[in-house]
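What follows is one structure encoded as structure tokens, with my remarks underneath.
Letters A, B, ... mirror the listed sequences (proteins, then strands); counts begin at 1.
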Protein chains: 2
Amino acid sequence: MASSPDRPPQKTGLPRRAPTAHDVAALAGVSQSAVSRCFTPGASISDDTRRRVQAAAEQLGYRPNLIARSLIKRRSTIIGVVIPGLQNPFYSSVLEALSADLAAAGYRILLFNAPARGTPDPVLDEVLNYRVDALILVSSTLSSGLADECQNIGLPVVQLNRTAERSTVSSVVGDNHGGAATVARFLLACEHQRFAFIAGLETASTSREREAAFLATIEEAGKPVQRAVAHYAFDEAQTAARMLLGSDAPPDAIFCANDYMALAVLGVARAEFGLTVGRDISIAGFDDLPMAAWPEFSLTTFRQPVRAMSARAVAMIDAQLQGTDSGRSEVVAGDLVVRGSTRVPAYGVVEVENERVWRP
Amino acid sequence: MASSPDRPPQKTGLPRRAPTAHDVAALAGVSQSAVSRCFTPGASISDDTRRRVQAAAEQLGYRPNLIARSLIKRRSTIIGVVIPGLQNPFYSSVLEALSADLAAAGYRILLFNAPARGTPDPVLDEVLNYRVDALILVSSTLSSGLADECQNIGLPVVQLNRTAERSTVSSVVGDNHGGAATVARFLLACEHQRFAFIAGLETASTSREREAAFLATIEEAGKPVQRAVAHYAFDEAQTAARMLLGSDAPPDAIFCANDYMALAVLGVARAEFGLTVGRDISIAGFDDLPMAAWPEFSLTTFRQPVRAMSARAVAMIDAQLQGTDSGRSEVVAGDLVVRGSTRVPAYGVVEVENERVWRP
DNA sequence: ATGAAAGCGCTAACAC
DNA sequence: GTGTTAGCGCTTTCAT
């Protein structure tokens, strides 16, 4: 019943033909373009025709083929999203936010889950062949060469949670510098003496910026800072924690380049070293994962407002697609959320919306 | 340099034209079909032509347009993946696994993040218009009507972590029945007396199956079982825990329909009721999230082998696309991983690959 | 091995 | 308002 009799038999090998606008037109006794108009929001079409077309379409189970439409309009309304492993809940949050914001803006997501480390971009290259309307690169450690290349092609690109020097690609990032400096000042205000920083990926702008600001602020205060690298990996963060806490002069304050590592460090400090976190030692992170607020962790951390960052990124994409804007960099402000994993300084803690934040 | 002189000027409004196979052909002095062959794996083409085409393509920055190809081949090599909120790490893991497995099989993911509750499927409907080659529905609480509809259209569909009665749609699920029964027997072996079950979504097959098996097994043993519903939501699980633990006859063993809720319950039991979990009370979950193994939780749980489930789902999709198989249901076996959130029974605990599992 | 020609399913002028 | 006519960029016979 769904097959039109006046069409050549289906070629073998190819998937079964779905009803086309042609089939609908034939059944409704109108031209194929009438069918097209019927499915085009602002098109001029009579109520009568519309009804007949809709009836025929329904009967046939017709669905407009967006692939064909994309071919003509040179617009797929699909946005490529490149994101590293979703193990770290920060990325799940980002993806979820992007998914919501892009859907609201009428876009679909072509997902590309790229391992944070290693592999340049074999398959990713292919994603471009799908003619995505734009690309959102989340913390991709990919050579920013790719991003630049896309930009040259005229493809809108936004980097989320990553900046690249000598690149004109737009980006949205949290306040890495300000945040890390704030954490440093906070820990100093807690009167800690021996500091440590656990870095993420040394190739990541996030880790580098946070480290630079943290170290500079601590050293400026004349205090010693140790340093370890854990590549944003949970197990490596555990190893780093064991190393630091097991040393001769263990730190009494550790700042981790992100929450995910901080959670690992927290576990080691408590379970393996019997420390009471927040008293014997302060541990702070960066991101403010949903989990950071859980009672088991109660992690003091500098918040990256994921929703806001996502919204900005989507707005930038939209602007670029509208040709309104060629894009630039934006820094989204955050807050230092004070919880139980650190000591509490004598000043600066204020309550805002049921949360304690540090605003000295 | 990238614009071909013998083509009409670009129409306004439409995005800038990217170089086409035509442009490459002109530059290389061959026919457009030669260019096509050059980018088609098994096509017959001379080395000489291939080189010239490749040179021209490179010079122009040509990328084969997969949209156009999809139109002809009626194959997009894109799989639609519908998944509920990524807040629950179980779904992040599933998505990550699917992403890897689908990429390895040559597919791309069109992501659709559907809230677990509420909204029927407004935008999702549109996903089908993109002519995805298949659909993977992860725990979608969507009416299975959608799934059936797709199947009728001839679109391969696989449900992951969900079954639907009176539906012929393929599915891959963990061992909900066996797993929950095992947890029940385990908690009985721990000699608990008062049991409780915290359900997820009452519309979800996962929650229903787990509940049925758990309750049946406990009641068979003649023990009392309380019940609460938390819709797989973190905060609702906390509320349920407060209700249960604050009652006159609080349970001494709680089985949660998934780990995510179990983690919430764990926190409440400890932080708000001062219980030593694993001694005063046993708390068990279902899934075995990566976090379940973290020292802060050390959650006893029935494992759902995500990688295996993903692999099976992708294999089923492949089979359906090959026409090899129309699909059926598969149950992937799991193990009860014994950790610190429960008492340890006198028998049945064995060590397997550095883990304790219960195999009575 | 290569080119010409005919579409894939749709949108977008352009006449009527 | 509606039909007609060109394509969008590519793959695929079919000749050569």
We want to know whether [X] and [Y] form a side-chain donor-acceptor pair, criterion being a heavy-atom distance below 3.5 angstrom.
{"X": "B:Ser36", "Y": "B:Ser33", "result": "no"}
{"X": "B:Asp318", "Y": "B:Tyr107", "result": "yes"}
{"X": "A:Ser329", "Y": "A:Ser171", "result": "yes"}
{"X": "A:Gln87", "Y": "B:Ser92", "result": "no"}

With a 4.0 Å cutoff (strictly under), does any side-chain N or O of [X] reach OP1 or OP2 of [N]?
{"X": "A:Ser36", "N": "C:dT11", "value": "yes"}
{"X": "B:Arg69", "N": "D:dT11", "value": "yes"}
{"X": "A:Arg17", "N": "C:dG9", "value": "yes"}
{"X": "A:Tyr62", "N": "C:dC10", "value": "yes"}

Whole Å only: how far is the [atom1] atom of [X] from the [atom2] atom of [N]?
{"X": "B:His22", "N": "D:dG7", "atom1": "NE2", "atom2": "C1'", "answer": "12 Å"}
{"X": "A:Ile45", "N": "D:dG3", "atom1": "CD1", "atom2": "C1'", "answer": "12 Å"}
{"X": "A:Lys73", "N": "D:dG7", "atom1": "NZ", "atom2": "C1'", "answer": "15 Å"}
{"X": "B:Gln32", "N": "C:dA5", "atom1": "CD", "atom2": "P", "answer": "13 Å"}
{"X": "A:Arg75", "N": "C:dA12", "atom1": "CZ", "atom2": "P", "answer": "12 Å"}

Net bend of the helix from C:dA1-D:dT16 to C:dC16-D:dG1, end axes of five pairs each, nearest 10 degrees: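 Roughly 30°, once rounded to the nearest ten degrees.
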
Classify the side chain of [X] and the base of [N] as holding, or not holding, a donor-acceptor pair under 3.5 Å.
{"X": "A:Arg37", "N": "D:dG3", "answer": "yes"}
{"X": "B:Arg74", "N": "C:dG9", "answer": "no"}
{"X": "A:Ser31", "N": "D:dT4", "answer": "no"}

Electrostatic pair A:Arg63:B:Glu149 at N-O distance under 4.0 angstrom: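 Result for this pair is yes, salt bridge flagged.
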
Pairwise side-chain contact, B:Tyr130 with B:Ser76, heavy-atom cut-off 4.5 Å (strictly under):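 No; the side chains remain at least 4.5 Å from each other.
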
Inter-residue atom distance A:Leu27.CG - A:Leu60.CG, 0.5 Å rounding: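 Reported value, rounded in 0.5 Å steps: 5.5 Å.
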
Sequence-distant partners of B:Tyr62, ring pair (Phe, Tyr, Trp, His ring centres under 6.0 Å), two or more places apart: B:Phe39

DNA chain C contacts among residues 46-53 of chain A, heavy-atom distance under 4.0 Å: none

B:Glu58 atom CD, neighbour heavy-atom count above 12 within 6.0 Å: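 Count not over threshold, so no.
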
Sugar-phosphate, base or nothing in reach of B:Val35, heavy atoms under 4.0 Å: nothing

Sugar-phosphate, base or nothing in reach of B:Arg131, heavy atoms under 4.0 Å: nothing

Nearest-neighbour nucleotide for the B:Ser44 side chain, D:dT11, C:dA1, C:dG9 considered: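 Nearest to the side-chain atoms of B:Ser44, counting from C-beta on, is C:dA1.
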
Which residue lies more 5' along DNA chain D, comparing B:Ser33 with A:Gly29 via nearest heavy atoms: A:Gly29

